[in-house]
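First up is the structure itself, then whatever we jot down about it.
Computed from heavy atoms alone, side chains included, the values below leave out hydrogens, waters and symmetry copies. Quick note: residue numbers are just sequence positions, from 1. Atoms within a ligand are numbered from 1 in the order they appear, just like the ligands themselves.
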Amino acid sequence: MTPYDASPAQAVSRSSRPPVRLIDGFGRAVTYLRVSVTDRCDLRCTYCMAEHMTFLPKAEVLSLEELDRLASAFVELGVRKLRLTGGEPLVRKGIMTLVENLSRHLRSGALDELTLTTNGTQLAQHAGDLARLGVKRINVSLDTLKPELFRKLTRGGDLSKVLAGIDAALAAGIQVKINAVALKSDNAAELPALIQWAHGLGADMTLIETMPLGEIEEDRTDQYLSLADVRRDLASFWTLTDLTYATGGPARYVRVEETGGRLGLITPLSHNFCEACNRVRLTCTGTLHTCLGRDDASDLRAVIRAGADDAALDQAIFAAIGAKPEGHDFHIDAARPAVARHMSTTGG
Ligand code: SAM
Ligand code: SF4
């Protein structure tokens with residue numbers, strides 16, 4: 001049994017497929033919560049973090065019990081999909097305990113999906129347990145298959161660990177999606193090979209444009225690569241068929257007929273994807289962001305640490321969702337990020 005108060009029996013009585021009660025001011029149902037479980041990471045990807053990051057003091061970060069309570073409150077209110085992210089979720093101490101406890105919502109039928117976004121470095125150790133606990137799909141971030149470039153982009157990472165993690169996940173029966181950030185000067189020429197490799201594994205692939213989040217040392221306009229350009233380039237030698245497959249998120253999907261695989265193109269800077277947005281994000285400090293591209297925030301940690309009961313917590317969540325902005329406001333500006341927080345705090 002796990003060390004904190006969340007027995008499966010209790011959970012089943014509290015939640016069996018709760019109705020969706022989180023509807024924002026624009027009529028969008030919020031059914032997807034991303035939870036950042038830590039701001040820490042064992043890598044330092046150049047577009048994500050500064051080389052020398054100051055991480056949060058432990059007291060500011062939600063405990064495993066607090067993470068469980070907040071995530072479970074959203075599930076009670078109709079969230080059907082939970083994604084754990086970070087920082088690197090698999091470096092959080094006790095992460096598998098949290099996954100094990102949250103998996104009760106899968107067993108009760110309250111949750112359709114429990115998943116993770118990971119850099120994959122620790123995945124080999126955890127893939128079997130994740131599969132056992134009901135994790136069926138996982139996103140692994142990987143921008144290159146070249147060991148030296150990987151080391152440079154992540155400031156010291158070991159590509160072989162990530163590849164071993166991906167193998168372990170596939171062997172455990174977990175569906176893998178590879179996420180790569182498109183970087184003009186680093187991996188642009190390699191993208192077709194990366195897509196081909198991912199599709200060869202039976203994995204979906206998603207390309208992401210760099211987003212102006214958080215202060216980093218580099219000039220973002222140097223890294224920015226328009227996915228409209230990438231798509232045009234790919235379409236010069238591959239047949240790309242638009243798919244209707246949608247997740248309520250910013251990705252647009254195509255099938256690459258030559259590889260038979262699915263390719264997502266996340267273009268938050270070039271397109272407006274807000275009208276179908278069904279997601280909100282909880283940081284590891286308990287701040288709820290209802291829009292990735294805005295500085296809106298509700299402090300749910302303050303609510304629970306002040307001793308709020310479940311009803312008061314629900315009210316705080318309703319108030320935050322009711323204020324979800326209609327859309328975002330990104331613009332590439334080398335001098336100033338559109339949003340001051342790092343992706344590693346919000347969880348991407
Ligand atoms: N550490 C895990 C990982 O790398 O998958 C989870 C957290 S990471 C912040 C989530 C995703 O955000 C990764 O796919 C990463 O590539 C992406 N990301 C980080 N900074 C970004 C930026 N400035 N623009 C676009 N994507 C970014
Ligand atoms: Fe760590 Fe993920 Fe950010 Fe890379 S993208 S530094 S792996 S949190």
Side-chain angles (χ1 to χ4, degrees), residues 34-53 55-56 83-92 95 115-123 126 137-144 150-159 161-162 165-166 169 176-184 186-187 194 198 204-227 249-251 264-270 279 281-284 289 292-293 328 330-334 336-348:
R34 294 191 181 205
V35 182
S36 174
V37 299
T38 178
D39 63 327
R40 286 163 198 264
C41 187
D42 53 342
L43 301 180
R44 295 287 182 279
C45 301
T46 50
Y47 48 78
C48 177
M49 291 197 181
E51 186 158 13
H52 303 287
M53 292 288 290
F55 292 110
L56 294 164
R83 177 179 298 280
L84 305 182
T85 176
E88 173 46 41
L90 296 180
V91 305
R92 173 75 198 249
I95 182 65
T115 184
L116 267 87
T117 299
T118 173
N119 64 25
T121 59
Q122 322 264 327
L123 191 51
H126 297 300
R137 300 194 301 170
I138 204 162
N139 288 359
V140 180
S141 304
L142 181 59
D143 305 328
T144 179
F150 183 82
R151 198 180 307 283
K152 178 188 145 201
L153 284 176
T154 58
R155 298 195 184 94
D158 178 353
L159 176 66
K161 289 190 181 160
V162 180
I166 292 170
V176 172
K177 178 157 79 75
I178 306 292
N179 284 344
V181 177
L183 301 163
K184 190 171 165 184
D186 290 310
N187 66 0
L194 200 56
D204 284 346
M205 169 102 212
T206 295
L207 300 179
I208 311 170
E209 274 179 358
T210 49
M211 288 185 256
L213 296 176
E215 298 285 353
I216 53 172
E217 289 104 344
E218 304 195 6
D219 182 340
R220 288 173 200 281
T221 48
D222 275 357
Q223 304 189 35
Y224 178 71
L225 174 61
S226 155
L227 290 186
L265 301 152
I266 302 191
T267 56
L269 299 164
S270 10
R279 61 193 59 191
R281 295 169 170 79
L282 185 69
T283 70
C284 59
H289 292 290
L292 180 59
H328 68 59
F330 280 138
H331 47 93
I332 278 277
D333 178 343
R336 192 173 57 87
V339 174
R341 59 183 190 264
H342 282 95
M343 187 74 106
S344 52
T345 325
T346 349

TODO: With sequence neighbours excluded, tell me which residues meet side-chain hydrogen bond (donor to acceptor under 3.5 Å, both in side chains) with Thr144.
DONE: Glu190
TODO: Using heavy-atom distances, let me know which of Leu90, Thr117, Thr38, Thr210 sits nearest atom 10 (C) of ligand 1.
DONE: Thr117
Task: Inter-residue atom distance Asn119.CG - Ser141.OG, 0.5 Å rounding - done: 7.0 Å
TODO: For Glu209 and ligand 1, answer yes if some heavy atom of the residue is under 4.0 Å from a ligand atom, otherwise no.
DONE: yes
TODO: Calculate, to the nearest 0.5 Å, the distance between atoms OG1 and NZ belonging to Thr210 and Lys184 respectively.
DONE: 10.0 Å
Open item on the list: Before you tell me yes or no, could you show the steps for Ile95 and Val37 under side-chain contact (heavy atoms from CB on, under 4.5 Å), namely the whole-Å CA-CA distance, both residues' side-chain angles and the distance that decides it to 0.1 Å?
Closed with: CA-CA 8 Å; Ile95 182 65; Val37 299; 3.9 Å; yes
Task: Close approach of Gly87 to ligand 1, heavy atoms, under 4.0 angstrom - done: yes
Open item on the list: Contact between ligand 2 and Gly87 is defined here as a heavy atom of the residue under 4.0 Å from a ligand atom; is it met?
Closed with: yes
Open item on the list: Please determine whether Cys41 has a backbone or side-chain N, O or S atom lying under 2.8 Å from atom 1 (Fe) of ligand 2.
Closed with: yes
TODO: Please identify which atoms of ligand 1 are closer than 4.0 Å to at least one heavy atom of Tyr47.
DONE: 16 (O), 18 (N), 19 (C), 20 (N), 21 (C), 22 (C), 23 (N)
Open item on the list: Quick one: does any side-chain atom of Thr118 pair with a main-chain N or O of Val140 as donor and acceptor, under 3.5 Å?
Closed with: no
TODO: Enumerate the atoms of ligand 1 whose separation from the nearest heavy atom of Gly86 is less than 4.0 angstrom.
DONE: 7 (C), 9 (C)
- [ ] Measure Thr118 to ligand 1 on non-hydrogen atoms and call it side chain, backbone, both or neither using the 4.0 Å cut-off.
- [x] backbone
TODO: Specify the closest pair of heavy atoms between Asn139 and Arg83, including all atoms of both residues, with the distance to one decimal.
DONE: ND2-NH1, 3.2 Å
Task: Partner of Leu142 under side-chain contact (heavy atoms from CB on, under 4.5 Å), chosen from Asn187, Val181, Ile178, Asn179 - done: Ile178
Task: Numbered atoms of ligand 1 (with element) below 4.0 Å of Thr85, judged on heavy atoms - done: 6 (C), 7 (C)
TODO: Indicate if the distance from atom 3 (Fe) of ligand 2 to the nearest N, O or S atom of Cys48 falls below 2.8 Å.
DONE: yes
Task: For Cys48, the ligand 1 atoms whose distance to one of its heavy atoms is below 4.0 Å - done: 19 (C), 20 (N)
TODO: Select one of side chain, backbone, both or neither to describe which atoms of Val181 lie under 4.0 Å from any atom of ligand 1, heavy atoms only.
DONE: side chain
TODO: Examine distances only and state if a side-chain atom of Glu51 and a backbone atom of Arg44 form a donor-acceptor pair shorter than 3.5 Å.
DONE: no
Open item on the list: Regarding ligand 1, does Asp143 bring an N or O atom to under 3.5 Å of one of the ligand's N or O atoms?
Closed with: no
Task: Check: Asp42/Thr121 side-chain N/O donor and acceptor closer than 3.5 Å - done: yes
